[in-house]
> 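Quick one: structure below, then a few questions.
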Amino acid sequence: MKLLLVEDDPMIGESVAEALHGENYAVDWIRDGRSAELAVTSAEYDLILLDLGLPKMSGLDFLRHYRGQSGDAPVLIMTARDSTPARVEGLDAGADDYLIKPFDLDELMARIRALLRRRAGRTQPIISHGPLTLNLATHEVTLANTPVHLSAREFSVLRALLDSPGSVLSKNQLEEKLYGWNEEIESNTIDVYIHHLRKKLGANFIKNVRGVGYKVTSA
Ligand code: CA
């Protein structure tokens, strides 16, 4: 899962980015509205966290342009503007949720999970695939009711594959989901995670589509 964080306040940005990394999201942190516009043309995001008072272009203007260009990632506005007209304006401009500063990071994480879940058409924070279940809130994984221990990266790779069962994801697409801009990507890391997942879940669970990428077998 890759998130775009648009926030010019260094302290808030840092604490939110840190909390997101702690939940294994890949994060690109952008500090003004114009750079946010560039970011959404160069990468695909699963969710956008948007401050309204931003340098160069306001969060509302960014949001209107983004929706105007058919950008469809869920957008959660984080702002100190807590008047009702401001909230209505934000939601009408295409925001999916709204959090007033100062907010509790646990609440922010729960709202992000809820938005991502809704986007994937799920009402529970659990992905089931045959004998396998992933709990997105607790990160617990079970195979035929037996707990399986996955590293944070392995969990993220598996989740990305399970979010679109049956479709093939290329190594590049998997890397996009896993890493932010400022993180070094070592070559072959995706292969290594897939190798570990196969060892833990069974060799046939993830199929290699030669020259294209990986997919999970149907449940
Ligand atoms: Ca601001």
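Read the numbers this way: they start at 1 and go in the same order the structure lists the ligands and their atoms.
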> Tell me, which N, O or S atom in Asp51 is closest to the Ca ion (ligand 1)?
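Atom name returned: OD2.
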> May I ask you to check if any N/O/S atom from Leu52 comes under 3.0 Å of the Ca ion (ligand 1)?
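Given the 3.0 Å cut-off, Leu52 does not count as a ligand of the Ca ion (ligand 1).
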> Between His129 and Phe205, what is the ring plane arrangement, given parallel below 30°, perpendicular above 60°, and tilted in between?
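Perpendicular.
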> So which of the N, O or S atoms of Asp8 lies nearest the Ca ion (ligand 1)?
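Output for this pair reads OD1.
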> So which of Asp97, Leu5, Ile100, Asp9 actually passes side chain to side chain contact (heavy atoms under 4.5 Å, CB included) with Met78?
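So the option named by the test is Leu5.
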> Can a salt bridge be assigned to the pair Lys101 and Asp51 using a cut-off of 4.0 Å between side-chain N and carboxylate O?
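Yes, Lys101 and Asp51 are salt-bridged.
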> Taking the side chain as every heavy atom from C-beta outward, state whether Leu99 and Ile77 have any pair of such atoms under 4.5 Å apart.
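They are not in side-chain contact.
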